[in-house]
Participant: 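Take a look at the following structure, please.
First the proteins, then the strands, lettered A, B, ... as listed; each starts at 1. Because only heavy atoms are used, hydrogens play no part in the values below, and waters and symmetry mates are left out as well, while side chains stay in. Predicted, not measured: the structure shown is a model, and the values here were computed from it.
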Amino acid sequence: MGGYDHKKIEKKWQKQWQKDALYKTLDTAKGKDNFHLLVEFPYPSGNLHVGHWYAFAVPDILARALRMQGKNVLYPIGFDAFGLPAENAAIKNKLNPLTWTLSNIEYMKKQIRSMGTSFDWSREVVTCDPAYYKWTQWLFLQFFKAGLVYRKETAVNWCPKDKTVLANEQVVDGKCERCEAEVVQKQMLQWNIKITDYADRLISDLEPLDWPKEIKESQKNWIGRSEGAEIDFPLNIDTNVKRFVMIHGKGEQASSRGVFWPWLKAELEKRGYIVEAPDLPNAAEPDDEEQADYVLKHCTLNEQTAIIGHSFGGIVALRLLERGAKVQRVTLVATPFSGKFLDGEKRPTVVAATRKGFNFEKIKKNCHGFVTLYDTNDYVVPISDGEAFAKHLGCLLIQKKSQKSHFTDLKEPNVLRASVPTITVFTTRADTLFGGTYLVLAPEHEKVSSLKHQVSNKDEVEKYIDAAKKKTELERLAEQKEKTGVELKGVKAINPATGKEIPVYVADYVLGHYGTGAIMAVPAHDERDYEFAKKYGIVIKETLEPLILVTKGGDAAKKGQPFIDRNSILTVVKHWSEDKYLAVRYLPTDVRGCVSGGIEQNEDVVGAGKREIREETGYMHAKFVRKLGGTIHSKYFSDNYQKNLLVHFTPLLFQLEDDALGGIDPHEASRHTVTWMTAKEMGAFINREDMRIAWQRANGNFFYDGDGIVINSGTFDGMTVHEAENAMGQTFGRKKVTYKLRDWIVSRQRYWGVPIPIIHCPKCGTVAVADKDLPVELPEVKDYLPEGSGKSPLAKAKKWVAVKCPQCKGRAERETDTLDTFVDSSWYFLRYTDPKNKKKFADAKKMGKWMPVDLYSGGAEHTTMHLLYSRFWHKALFDLGLVKDAEPYKRRMNRSIILGPDGQKMSKSHGNVVDPDEVVERLGADTVRMYLAFVGPYNEVSSFPWNPDGVVGVRRFLERVCRAQDMVGKAENTALVNLLHKTIKKVGEDINAMKFNTAISSLMIFLNALEKEKKIGKSQWERFLKLLAPFAPHMAEELWGLGEHKRSVHKEPWPIYDEALLKDESVTIAVQINGKMRGTVEVAAGTDKTALETAAREAVVARLEGKKISRTIVVPGRLVNFVVEE
RNA sequence: GCCGGGAUGGCGGAAUUGGUAGACGCGCACGACUCAAAAUCGUGUAUCGCAAGAUGUGAGAGUUCGAGUCUCUCUCCCGGCACCA
């Protein structure tokens, strides 16, 4: 085969390169700049597919070319070795995941070597190596110590049959992948990392990065920042509450009886309540029994009473309930209870004043409504455990912990909110507040359970919530269109803007984890709310009207000129029998849309509509159907009136009764054309915004997201949307930024991962493992099935779990969860810079040599997860002073994907998987590399089918290169000089732009020319070989070696082109007439304009005969265009 | 629905960034070599037309001497997100 024995050549040189350590990369190379070319390290699945080749062998071209061009290139590789597949394989085959993984790595290494890639294997990183994960643990602990890590109850996928937590990818159609049991949601404590703290920086730092726009956009989208406002809606469950009894604490002048108490009293009285605030006896050394007696005697306690007990006053309040005082509600503010106290153990300070425990059964029974607990954790000494107490009493905890001091906090409306309960919503459209006609809570919203005593249709609500919980993702998705919900009957909220009572619903179209888990619904201006309101018959109130700056049919409004108001109508007119509409085109202005016109004096809108239809179209009998929403306001400069107009259009829908014509105004008729159009045609025809809105409303779309003016909103009327959003947001709520991004849950209840280096101590809580005890190595366990309680299989290693607390040396237990593998891959590139370091995760100086990564090449599937996590990780390290850049990757590119020969994604089920080993065996690694580089541009996200014939084409090219060796002679072939220099330039530029396909194309062009010439000078040939070397490293080396060189071609410098030799002697000039190609003319390079024009004129002289040339455009070196009159 | 990307011969793709559309490769056709086939080499290959010529970069409009490239409208395809208030 053309004397090209790829097997021999490739084996020979791969061995030789390894022997010579050709690609060992030093941290510095004299006179060379460092370049870090990073590719995503593979998961050791055990077999290399075409995708791996595409991911590693193609960037290798760039790595090799950059080295020849004088860069010190780090092109490292490793393995992302932890993760589920190993564990599953282990369970299935009763193997150790480590054994499975290591043998896979061995095999894949061999395969990767067969590509002829120039990876520096001496820097290999394997994430399951304790020498690596020691540092994963160490870094995690730095975050832990910095307060970036916390534990939180989070819903996980739980298989009730296997009794195990499932990863999302193990849930198939809402069922367990292994046993097909229904997966349920279960709350479990999970380790989280506060990535949301970095949300803003993760967005703003994208700006200067040299990344493709689409990746930046996806990340922004994923983070999902929305600016809006939080607004409190008071609940009107208090319709029964007429009076408040305020029981103060133990003599705090500054709080209950000082500043705060009078304020709260005044606020409640403002709301129309009767307030009693008795001055209790022995306030300095209180006795709860005694004080309870006093309140019972002096105050009115009945079912219309609510109690607010502050501090020790809370204990008194509970004592009252125990004594049988039946009240509507109780609010406990900063009441000093603790979990231990509930167990009967007495605490010092205030609590000591109580003489005996409580009968909580009685308390619960006598509190007619519910108990609200407002807890501040920093009260004098931390004696209050609100969470435990709330749970015990089944009451609502308003606020667990305040960041501020106890006293300042009490001055804020928080307590008022706890006493007069509210629902807080998040909205980005505060301007529509007056149109908020109901509230919706997510089924998991805390108020739903805390309000259950107030709700008269409790059973119905509970049924709905249960159903919602059971709904799998799939069902929720399928039902997307149909919105469901239940009203909380007996509970009303008050719209703070209108002061009106509005209903409260529970519906699963509101998400519990976004915003506050509650929304104010504005059916008039939100599609989803509209749908829901229609279904449940809720009031729809419009508060916005579109305000448009019209650009068609006159200039945009002239600045500084006043607007003249005009009242007009816009009509959508239906055909009398067909499903068509009247389309009107106004002639001088090319306004296309519908019949419109002014309302005359003593005329109503319907009358005006009928008249305009008659005058403009001639149709006599139009029947009024309905109004199409509120007024549409258009601003523009009118050519007719030479004035700025502010037109208030009333949009109307008419239907013709018959085809009777007549009465058309002859003057009007000359100013527009009238046609009938289908709905689809109409959509494309209308070219003016106000008419489009009327048209859309006729088709049921009332939701306009452009600018508008506010109506029906009291003092805010007339403001623009933007103004109103600010004004209402500030008046009724507070500014708030919300993100779609959620904190990163890093714990996995799995065996095959990095053990989380935390120890749980009953006394000290969660404690970090000491640095000297790292790494916490994975223990051996008998089998890798989960333990059954939801804990990871690590929990089975009892000896391993039992450990001393590093702080108090008492008995403690290890955390048994392992880390998400995205943690491992968030810093692997740092380890490449210093892979063997035993003292640090990487030396700062060494990182300085190679960070940030110059180019990161990878798959589009990592755009939002890996790329975002590792950027966050790097920023957190940056803040801790552990790295010196805030961003890890200077430049990122997403590669395309290689499809099967049938154009479908390669998969076993399609039977279209191409085995690269087989193709390499048959055609050689150089062919495969080069083919993959040739299929299309590498730096764009696209997909290319593997074309078996195309591969053969590349193989043919290489064979021809082999044969061309015979054409090499001593003498330089002058005919090839110009092309060679052009090729050097083009190949160099294209490689650097990662357009390998066109680089290869120009190599082919050169070979074609060479074959025509049949001879080439030795130095010319060698320069060609250097250009070929990055693409076909083995063959280039072989042919280079034949030329008896001692040094590898890959160590050679990149050839240089001579600008002077790039120039052609003559150029072909295009000759056009009126921009159409009419011929070409060959002229010497550098011919001046006049000579060029003359030559061009001659070339098309026959065509120019009898025509007058009005203009000639001459572009030197390109074309001559004669503009003639037809 | 929203965000992003795209649409060029039979196929993968080029096009100096507004200046000869279809480079290069595949496929196909014909020819050479061969008893023959494969391989190889040569020639041709956007469409219609015998030709002169006309048409042609998803569709329609626009800007321009000139548009695959710029602007607007629309259609379709791919990717991501998806009841995000």
Participant: Of K213(A) and T516(A), whose closest RNA chain B nucleotide lies nearer the 5' terminus?
Facilitator: K213(A)
Participant: Using the P atom as the point on both nucleotides, what is the distance between C24(B) and U69(B), in whole Å?
Facilitator: 24 Å
Participant: What is the distance from NZ of K1076(A) to P of G66(B), rounded to the nearest Å?
Facilitator: 11 Å
Participant: Name the closest nucleotide to the R1078(A) side chain, picking from A54(B), G4(B), C24(B).
Facilitator: A54(B)
Participant: Considering only atom C1', compute the distance from G60(B) to G10(B) and round it to an integer number of Å.
Facilitator: 28 Å
Participant: Using a heavy-atom cut-off of under 4.0 Å over every strand shown, decide if R960(A) touches base, sugar-phosphate, or nothing.
Facilitator: sugar-phosphate
Participant: Who is the Watson-Crick or G-U wobble partner of U69(B), with both distances under 3.5 Å?
Facilitator: none
Participant: What contact category does R1103(A) fall into here, base, sugar-phosphate, or nothing, at under 4.0 angstrom with non-hydrogen atoms?
Facilitator: sugar-phosphate
Participant: Run the salt-bridge test on E989(A) and K985(A) with the 4.0 Å N-O cut-off and return the result as yes or no.
Facilitator: yes
Participant: Measure the distance from CG on N1121(A) to C1' on A67(B) and round it to the nearest whole Å.
Facilitator: 13 Å
Participant: Select one nucleotide: of A15(B), C65(B), C26(B), the one nearest the side-chain heavy atoms of I1113(A).
Facilitator: C65(B)
Participant: Distance check, rounded to the nearest 0.5 Å: T863(A) atom OG1 versus E217(A) atom CD?
Facilitator: 12.5 Å
Participant: Taking the C1' atom in each of G62(B) and G9(B), what is the distance between them to the nearest angstrom?
Facilitator: 28 Å
Participant: The test is salt bridge (Lys or Arg N to Asp or Glu O under 4.0 Å); show your working for K216(A) and E214(A) and say whether it passes.
Facilitator: CA-CA 5 Å; K216(A) 290 187 185 181; E214(A) 65 269 19; over 6 Å; no
Participant: Between U40(B), G12(B), C83(B), which nucleotide has the shortest distance from any of its atoms to the side chain of F934(A)?
Facilitator: G12(B)
Participant: Could you tell me the separation between the CD atom of E214(A) and the C1' atom of G4(B), rounded to a whole number of Å?
Facilitator: 7 Å
Participant: Could you check whether G224(A) gets within reach of a base, just the sugar-phosphate, or nothing at all, counting any heavy atom under 4.0 Å?
Facilitator: nothing
Participant: In whole angstrom, give the distance that lies between atom CD of E989(A) and atom P of U16(B).
Facilitator: 13 Å
Participant: Taking the side chain of V935(A) as its heavy atoms from C-beta onward, which of G13(B), A14(B), G12(B) lies nearest to it?
Facilitator: G12(B)
Participant: Charged N to carboxylate O below 4.0 Å: is that the case for D1064(A) and K982(A)?
Facilitator: yes
Participant: Between V941(A) and T864(A), who's closer to the 5' end of RNA chain B by nearest nucleotide?
Facilitator: V941(A)
Participant: Which nucleotide in the list G53(B), A23(B), C65(B) gets nearest to the side chain of V1123(A)?
Facilitator: C65(B)
Participant: For the pair made of CE in M1004(A) and C1' in A23(B), what is the distance, rounded to whole Å?
Facilitator: 12 Å
Participant: Is a side-chain N or O of Y464(A) found less than 3.5 angstrom from the main chain of T484(A), in a donor-acceptor match?
Facilitator: yes
Participant: Calculate the interatomic distance between D949(A) atom CG and C24(B) atom C1'; express it in whole Å.
Facilitator: 16 Å
Participant: So what does S218(A) hit on the nucleic acid, given a heavy-atom distance under 4.0 Å: a base, only sugar-phosphate, or nothing?
Facilitator: nothing
Participant: Could you give the distance separating C48(B) and U43(B) at their P atoms, to the nearest angstrom?
Facilitator: 24 Å
Participant: Base, sugar-phosphate alone, or nothing: which one does K220(A) contact when heavy atoms must sit under 4.0 Å apart?
Facilitator: nothing
Participant: Nearest whole Å is fine: how far is A15(B) P from R1118(A) CZ?
Facilitator: 14 Å
Participant: Which part of the nucleic acid, if any, lies within reach of I1005(A) when heavy atoms closer than 4.0 Å are counted: base, sugar-phosphate only, or nothing?
Facilitator: sugar-phosphate
Participant: Would one find a side-chain N or O of N1008(A) under 4.0 angstrom from OP1 or OP2 of G25(B)?
Facilitator: yes
Participant: What's the closest nucleotide to the side chain of E217(A) if the choices are U20(B), A85(B), C3(B)?
Facilitator: C3(B)
Participant: Report the nucleotide, chosen from C81(B), U20(B), U17(B), that has the shortest atom-to-atom distance to any side-chain atom of M1077(A).
Facilitator: U20(B)
Participant: Mind checking who C26(B) pairs with, Watson-Crick or G-U wobble, both distances under 3.5 Å?
Facilitator: G10(B)
Participant: Taking only the C1' atom of each, what is the distance from G12(B) to G27(B) in whole angstrom?
Facilitator: 11 Å
Participant: M865(A): which residues meet the side-chain contact (heavy atoms from CB on, under 4.5 Å) condition with it, sequence neighbours left out?
Facilitator: W222(A), F822(A), Y869(A)
Participant: Which label fits G56(B), syn or anti, where anti is any glycosidic angle not within 90° of 0?
Facilitator: anti
Participant: For Y509(A) and A85(B), is the shortest distance between a side-chain N/O and OP1 or OP2 below 4.0 Å?
Facilitator: no
Participant: Could you check whether D529(A) gets within reach of a base, just the sugar-phosphate, or nothing at all, counting any heavy atom under 4.0 Å?
Facilitator: nothing
Participant: Where the side chain of R963(A) is concerned, which of A85(B), C41(B), U20(B) is the nearest nucleotide?
Facilitator: C41(B)
Participant: A85(B), OP1 or OP2 - any side-chain N/O from R429(A) closer than 4.0 Å?
Facilitator: no
Participant: Okay, side chain of N912(A), backbone of D902(A): is any donor-acceptor separation there less than 3.5 Å?
Facilitator: no
Participant: Strictly below 4.0 Å: does R1111(A) bring a side-chain N or O up to OP1 or OP2 of U64(B)?
Facilitator: no
Participant: Does A51(B) have a Watson-Crick or wobble mate here (both distances under 3.5 Å), and if so which one?
Facilitator: none
Participant: Could you work out the separation of C77(B) and U40(B) based on their C1' atoms and round it to a whole Å?
Facilitator: 41 Å
Participant: Which nucleotide, if any, forms a Watson-Crick or G-U wobble pair with G4(B), using both distances under 3.5 Å?
Facilitator: C78(B)
Participant: Can you see if the side chain of T1112(A) gets near the phosphate of C65(B) - specifically, an N or O under 4.0 Å from OP1 or OP2?
Facilitator: no
Participant: With rounding to the closest Å, how many angstrom separate the C1' atoms on C35(B) and G44(B)?
Facilitator: 28 Å
Participant: Would you indicate which nucleotide in A85(B), G19(B), G12(B) comes nearest to any side-chain atom of V1115(A)?
Facilitator: G19(B)
Participant: Need one value for F944(A): base, sugar-phosphate or nothing, where a base atom within 4.0 Å counts as base even if backbone is also close, heavy atoms only.
Facilitator: sugar-phosphate
Participant: For G31(B), give its Watson-Crick or G-U wobble partner with both distances under 3.5 Å, or none.
Facilitator: C41(B)
Participant: Check this for me: does any side-chain nitrogen of one of R955(A) and E959(A) sit under 4.0 Å from a carboxylate oxygen of the other?
Facilitator: yes
Participant: Pull up the glycosidic torsion of U17(B) and say syn or anti, syn being anything within 90° of 0.
Facilitator: syn
Participant: By the 4.0 Å heavy-atom rule, please label T738(A) as base, sugar-phosphate, or nothing.
Facilitator: nothing
Participant: Indicate the ring-plane relationship of Y438(A) and F532(A), choosing parallel, tilted or perpendicular according to the 30° and 60° boundaries.
Facilitator: parallel
Participant: Is R734(A) paired with D232(A) through a side-chain N to carboxylate O contact shorter than 4.0 Å?
Facilitator: yes
Participant: Determine the Euclidean distance between corresponding P atoms of U71(B) and A23(B); express it in Å to zero decimal places.
Facilitator: 28 Å
Participant: Examine the base of C83(B) for any acceptor or donor lying under 3.5 Å from a partner atom in the side chain of K483(A), and report the outcome as yes or no.
Facilitator: yes
Participant: Can you tell me the pairing partner of A36(B) across any strand shown, Watson-Crick or G-U wobble, with both distances under 3.5 angstrom?
Facilitator: none
Participant: Rounded off to whole Å, could you give me the CZ-to-P distance for the F957(A) and U40(B) pair?
Facilitator: 15 Å
Participant: Heavy atoms only, 4.0 Å cut-off, all strands: where does Q1072(A) land among base, sugar-phosphate and nothing?
Facilitator: base
